[in-house]
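Source: prediction; values computed, not measured. Keep in mind that the numbers below use all heavy atoms, side chains included, and drop hydrogens, waters and symmetry copies.
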Amino acid sequence: MDEPPDLGLLFHRLNNQLGIILANAELLEAKAPDDAMRSRAAQVVASVLDAMSTAKEIRARTRT
């Protein structure tokens, strides 16, 4: 059985929010004026991807 609708909605919202952060971090990385800024943006990109993966895993584990 799928998770309750309210929980599914929360996962959807979280994924959308993380997607916006990811898009902006990728843009910052692409337009960074120097290596230090590019490295910081790349760290944000990697962290957002990890967070998206974690959210996906949590969602899978909450399904019964």
With sequence neighbours left out, what residues match Asp35 under salt bridge (Lys or Arg N to Asp or Glu O under 4.0 Å)? Arg38

According to salt bridge (Lys or Arg N to Asp or Glu O under 4.0 Å), does anything in residues 41-57 pair up with another residue at least two apart or in another chain? List the pairs. Glu57-Arg61

Identify, with sequence neighbours excluded, every residue that meets salt bridge (Lys or Arg N to Asp or Glu O under 4.0 Å) alongside Arg40. none

Would you confirm whether Thr62, through its side chain, and Ile58, through its main-chain N or O, come within 3.5 Å as a donor-acceptor pair? yes

Side-chain donor-acceptor pairs of residues 13-32 under 3.5 Å, sequence neighbours excluded:
{"unit_1": "Asn16", "atom_1": "ND2", "unit_2": "His12", "atom_2": "NE2", "d": "3.3"}
{"unit_1": "Asn24", "atom_1": "ND2", "unit_2": "Ile20", "atom_2": "O", "d": "2.9"}

